[in-house]
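Nothing here was measured: the structure is a model prediction, and the numbers come from that model. Below, each value reflects all heavy atoms present in this structure, side chains not excepted, and no hydrogens, waters or symmetry copies.
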Amino acid sequence: MSRCYDVIVVGAGPAGLTAGACLAEMGVKALVLDEQHQPGGQIYRRVETASPATLKVMGPDYDRGLELAERFHKSGVEYEGGAIVWNVTADGSIAYSRQGKSQEIQGRYIIIATGAMERPFPLPGWTLPGVMGAGAANNLAKEAGLVPAGEVVLAGSGPLLLLEASILLKKGVNITAILETTEKIPSAQTFKYLPAAIRRTDFLLKGLNMLREIKSSGVVYHKGVGEIKAQGDSRLESVEAMVDGKTQTFPADLLLLHFGVIPNTHIFRLAGCAMRWHQEQRYWYPQTDDWGRTNCERIFAAGDGSGVSGALAAEYKGELCALEAARCLGIIPDYERDSLAKPLQEAINHDRWPRPFIDAMYAPKLDGSHFADDTVLCRCENIMVGDVRRAVSEGVREVNEMKIVTRCGMGPCQGRMCGPAVAEVIAAELRQSPERVGLLNIRPPLKPVPLEEVAEMELDEASQVQADLFKNMKK
Amino acid sequence: MFKQQDEQIQQKMVSVTLDGEPRELPAGVSVAAGLFSIGEIISRISPSSGKPCSPHCLMGVCFECLMEIDGIQQQACVVEVQEGLVINRGSLGKKE
Ligand SMILES: Cc1cc2nc3c(=O)[nH]c(=O)nc-3n(C[C@H](O)[C@H](O)[C@H](O)COP(=O)(O)OP(=O)(O)OC[C@H]3O[C@@H](n4cnc5c(N)ncnc54)[C@H](O)[C@@H]3O)c2cc1C
Ligand code: FES
């Protein structure tokens, strides 16, 4: 017999921590799983064991994680770290691997709070050692106190790029250039959202302060940059970019890329949740109702995985899912759910004021026709942008078909890194919206699990492990 | 490419075997972070392009950090460093 829970929460970032704590506080039997070894998610990664120096550089926004973690532990909710979830089904079963053993468990409801990831953006040389995500460098700092040594270039766009730049400057890192692809002068469209944003001057001032710090540091900082290339033989040596109409080269040991964040949707797609396309932000997110319930009755989506809206909104959304799950379980009546939800909904609205302005300011300028033919698109299978274009010219119209024809998206990452860009390239060739060219189908296991581990697994009698379980690992 | 700057972190070093050689890594951080901290930035040779890779996302999505850890292909950014781990980066180790 497999273990059963009222609610299983996947992910222990702000959304999952809040959902788990809220459920346990109401007396619901809940379990929180996360592949990381400590609670916190991306933003509050390892906050509980952070040194005073790390807490100081990361600032008060990071401290918030300590309060969340405290509430989480106090609630007594069951938690397993180092738990890699590799299958989720719409009927509420979850398979996960922990300490070399896989097991299948059941939840009457499942809250998926797997967060967001940095938008993968193929550019020449992005597979060179020495090129990584800006958020990745941020993770290394939180996790192991590591700071970039040598010359660093930051490139891309979005608030997190500037946040990372300001953190690195505080640490005395040698930044050779910040290359922002965002236009020098925001579009008229952007200013349309300014009045709403001004309702949150606290938020805007925080951003302006960050920009002031960067500018006053005297670091080379260009906007409206294009044609970024990572150069080097077997590792990164320099970064080339088009600045003010001229090609410039910047020496670099490390290039930190950031092009915004997008929901991490593999689990939703695996479970068969209906997905929606966000035209302005150009990403897919699971369709949900006001409580976060997906079209699969038992599955909820909380936090940035349900649509990127930041860490505070993630908390509130996590709690809303928990309240609705508790109501469905008969723990609280409708009116109690509604009265507890009211302040959360107000908080979400308050938090949302500046978002359209920021989103418009840093809207992804994505055009699949801008990617160069000889740029690697699929890192796992080494498929070039040109390979995908050729397949389109030969009649391929959809991403799953593209995968069969070119192997693009067939490697171990299951299209996490190439999926969004492949769709942009196909869509640009066909002069369509990426919405029209499909989404890669996802199959278990989501993460590599050894065959022997699955063979030794205690299976639920009712469960049916599909025959193609290892499709993505045969290689 | 990275250095340990935070003096307040007192890391306990543990012994592991990296590509057949005894090495010391800081305990309790991810294997990917541990390898960065000792200057090992290459995670593997890509089986498709034959070129060296290094971890790109450090959060479990890019799979560039796949390596054999205790006999199993795993994401080095998800596995924690523990005493006695046997880490093999495949053809990379043999070449060196
Ligand atoms: C690399 C990175 C760094 C960031 N840094 C900052 C920052 O410094 N400041 C800021 O304001 N915002 C930051 N953000 C944005 C921030 O992540 C979000 O606003 C916030 O963390 C969202 O919270 P969440 O609870 O929705 O998800 P997350 O905090 O992302 O938590 C999701 C959790 O799910 C777990 N998970 C995912 N898949 C699985 C699986 N298959 N099995 C088990 N567990 C799984 C992950 O390990 C993770 O702990 C960052 C984003 C990224 C991608
Ligand atoms: S570094 Fe991307 S999965 Fe490990």
Item to check | Working for side-chain contact (heavy atoms from CB on, under 4.5 Å), residues A:Q414 and B:F63 | outcome: CA-CA 9 Å; A:Q414 288 206 57; B:F63 288 69; over 6 Å; no
Checklist entry - Mind checking which of residues 35-46 of chain A sit less than 4.5 Å from chain B, heavy atom to heavy atom? => result A:E35, A:H37, A:Q42, A:R45, A:R46
Item to check | Heavy-atom pair count under 4.5 Å with chain B, highest-scoring of A:R235, A:E151, A:E118, A:R379 | outcome: A:R379
Next on the checklist: Between A:M417 and B:H56, is there a side-chain heavy-atom distance shorter than 4.5 Å?
Outcome noted: yes
Checklist entry - Can you tell if the side chain of A:V147 reaches within under 4.5 Å of the side chain of B:F2, non-hydrogen atoms only? => result no
Next on the checklist: Does any backbone or side-chain atom of B:C62 lie under 4.5 Å from a heavy atom of chain A? Answer side chain, backbone, both or neither.
Outcome noted: both
Next on the checklist: Can you confirm whether A:T127 sits close enough to B:S49 that some side-chain heavy atom of one is under 4.5 Å from a side-chain heavy atom of the other?
Outcome noted: no
Checklist entry - Under the side chain to side chain donor-acceptor pair (under 3.5 Å) rule, what pairs show up with a residue in residues 21-38 of chain B, not counting sequence neighbours? => result A:E143-B:S30, B:S15-B:E24, B:R23-B:E40
Checklist entry - If contact means a heavy atom pair closer than 4.5 Å, which residues of residues 253-267 of chain A contact chain B? => result A:D253, A:L254, A:N264
Next on the checklist: I need the A:L140 CG to B:M1 CE distance, nearest 0.5 Å.
Outcome noted: 8.5 Å
Item to check | Side chains of A:M132 and B:L58 in contact at under 4.5 Å (non-hydrogen atoms) | outcome: yes
Item to check | Structural part of A:I84 lying under 4.5 Å from a heavy atom of chain B | outcome: side chain
Item to check | Proximal component of A:L146, with respect to chain B [non-hydrogen, under 4.5 Å] | outcome: both
Item to check | Sorted by number, residues from residues 68-80 of chain B in contact with chain A (heavy atoms, under 4.5 Å) | outcome: B:I72, B:Q73, B:Q75, B:V78, B:V79, B:E80
